[in-house]
Amino acid sequence: MEVEAYLGTSDRAAHSWRGLTDRTRVIFGPPGHAYVYFIYGMYECLNFVCEPEGQAGCVLIRALEPLAGLATMRRRRPAAHRTEDLASGPGKLTLAMGITRKLNGADLVTGPLQLLKPRHESPFEVQTTPRIGITHCADWPLRFVIADNRFVSR
DNA sequence: AGGATGATGAAG
DNA sequence: TTCATCATCCTA
């Protein structure tokens, strides 16, 4: 599991940095919703909106450990030859899970994509590192990974 | 190391 | 209406 935080208007790496636009509308909306954006002409990335309505701030979901639907994910990700590669990056993750911009703005509690509490939660240690793939504020320690976890990018 | 690929936002 | 930029992935 791997995530990155993007702050509101103070974070030059964040889409919300320039303020409210058509694209950033859902980031400024209520928390608990999905922000899905299109990048590099081919990929989509999933974020969770985290700040109260009117403020901007979200978390980019960069990688996760696939637990269910493995066969479906393998079909969607023919380039992934190992289970660890199915969702080990923000673009790979959305491909594996079939997440597209149609889910932009979806409610993560009641909508078609739901964030659930795990049935069994095992303890883990969080490791903090700089964010990946950005130019502005590149040294801010806002990337969080489960320590020693195989299911992360890179 | 480089190419695929198109939306976005700002400038003209 | 152009233009640079971009929170990426894959093949070589």
Side-chain angles (χ1 to χ4, degrees), chain A residues 1-67 69-108 111-115 126-147 149-154:
Chain A
M1 180 63 168
E2 169 184 355
V3 301
E4 279 177 4
Y6 285 86
L7 312 184
T9 46
S10 63
D11 182 357
R12 253 196 113 185
H15 291 167
S16 50
W17 175 64
R18 298 168 200 275
L20 183 63
T21 67
D22 270 349
R23 180 215 219 177
T24 61
R25 176 156 299 118
V26 340
I27 310 178
F28 284 87
H33 289 244
Y35 167 51
V36 184
Y37 67 89
F38 190 58
I39 189 69
Y40 296 122
M42 354 176 84
Y43 299 104
E44 286 154 292
C45 296
L46 170 68
N47 296 251
F48 296 158
V49 176
C50 292
E51 295 290 332
E53 184 161 11
Q55 298 178 50
C58 60
V59 169
L60 169 68
I61 313 302
R62 288 191 58 89
L64 51 75
E65 175 179 355
L67 295 176
L70 275 282
T72 305
M73 290 191 181
R74 275 191 247 279
R75 173 162 36 82
R76 291 169 174 156
R77 297 249 327 112
H81 293 152
R82 305 173 312 165
T83 304
E84 293 94 313
D85 299 326
L86 283 174
S88 59
K92 303 179 199 173
L93 183 151
T94 53
L95 284 173
M97 298 192 69
I99 291 169
T100 70
R101 281 163 289 173
K102 290 199 303 261
L103 288 171
N104 189 38
D107 189 319
L108 292 169
L113 176 66
Q114 298 197 351
L115 184 56
V126 176
Q127 186 179 356
T128 305
T129 81
R131 294 179 291 188
I132 290 180
I134 56 173
T135 53
H136 297 292
C137 313
D139 52 337
W140 291 16
L142 292 177
R143 174 173 173 262
F144 307 94
V145 300
I146 296 180
N149 187 356
R150 289 163 19 250
F151 298 88
V152 301
S153 66
R154 184 61 114 97

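Residue numbers begin at 1 in each chain, while the letters A, B, ... track the order of the sequences.
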Closest to the [X] side chain, choosing from [options]:
X	options	result
A/Met42	C/dT8, B/dT5, C/dC10	B/dT5
A/Tyr35	C/dA7, B/dG9, B/dA7	C/dA7
A/Arg23	B/dT8, C/dC10, B/dA7	B/dT8
A/Tyr6	C/dA7, B/dG9, C/dC10	C/dA7
A/Arg101	B/dT5, C/dC10, B/dA7	B/dA7
A/Phe38	C/dA7, B/dG6, C/dC9	B/dG6

Mind calculating the distance between [atom1] ([X]) and [atom2] ([N]) to the nearest angstrom?
X	N	atom1	atom2	result
A/Arg131	C/dT8	CZ	P	11 Å
A/Tyr43	C/dC6	OH	C1'	14 Å
A/Arg154	C/dT8	CZ	P	12 Å
A/Arg77	C/dC9	CZ	C1'	8 Å
A/Glu2	C/dT8	CD	C1'	13 Å
A/Ile39	B/dG3	CD1	P	19 Å
A/Tyr37	B/dA7	OH	C1'	12 Å
A/Leu93	C/dC9	CG	C1'	14 Å

Checking all strands, does [X] fall into the base, sugar-phosphate, or nothing category for heavy-atom contacts under 4.0 angstrom?
X	answer
A/Gly91	sugar-phosphate
A/Ala79	sugar-phosphate
A/Arg18	sugar-phosphate
A/Arg12	nothing

Donor-acceptor side-chain pairing of A/Thr83 and A/Arg74 below 3.5 angstrom: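 On atom types as modelled, these side chains qualify, holding a pair under 3.5 Å.
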
Any residue of residues 45-63 of chain A with a heavy atom less than 4.0 Å from an atom of DNA chain B: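 Of all residues in residues 45-63 of chain A, none places a heavy atom under 4.0 Å from DNA chain B.
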
Are the side chains of [Y] and [X] in contact, using a 4.5 Å heavy-atom criterion?
X	Y	value
A/Leu60	A/Cys45	yes
A/Leu70	A/Leu86	yes
A/Ile61	A/Asn47	no

A/Thr135 side chain near C/dC6 phosphate (N/O to OP1/OP2, under 4.0 Å):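 So the side-chain polar atoms of A/Thr135 do come within 4.0 Å of the phosphate oxygens OP1 or OP2 of C/dC6, strictly under.
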
N or O in side chain of A/His15 less than 4.0 angstrom from B/dT8 OP1/OP2: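 So the side-chain polar atoms of A/His15 never come under 4.0 Å of the phosphate oxygens OP1 or OP2 of B/dT8.
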
A/Pro90 or A/His136, whichever maps to the more 5' nucleotide of DNA chain C: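 Mapping each residue to its closest nucleotide by heavy atoms, the 5'-most match is A/His136.
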
Closest non-hydrogen atom pair between A/Ala34 and A/Leu103, with its separation: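 Scanning both residues completely, I find the closest heavy atoms to be CB-O, 3.6 Å.
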
Residue pair A/Glu2 / A/Ser153: nearest heavy atoms and the distance that separates them: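 Minimum heavy-atom contact is OE1-N, 2.7 Å.
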
Under 3.5 Å on both distances, the Watson-Crick or G-U partner of B/dA11: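 Across all strands, the one nucleotide that pairs with B/dA11 is C/dT1.
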
Pair assignment for C/dA7, Watson-Crick or G-U wobble, requiring both distances under 3.5 Å: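 Base partner found: none.
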
Straight-line distance of A/Ser88 OG to A/Arg62 CZ, nearest 0.5 Å: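 So the gap between those two atoms works out to 10.0 Å.
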
Check: A/Tyr6 ring centre within less than 6.0 Å of A/His15 ring centre: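 When the ring centroids of A/Tyr6 and A/His15 are compared, they turn out to be at least 6.0 Å apart.
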
No-H, no-angle donor-acceptor pair, A/Tyr40 side chain to B/dA4 base, under 3.5 Å: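 Checked by distance alone, the answer is no.
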
Basic-acidic side-chain contact under 4.0 Å: A/Asp85, A/Arg150: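 No, no charged N to carboxylate O under 4.0 Å.
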
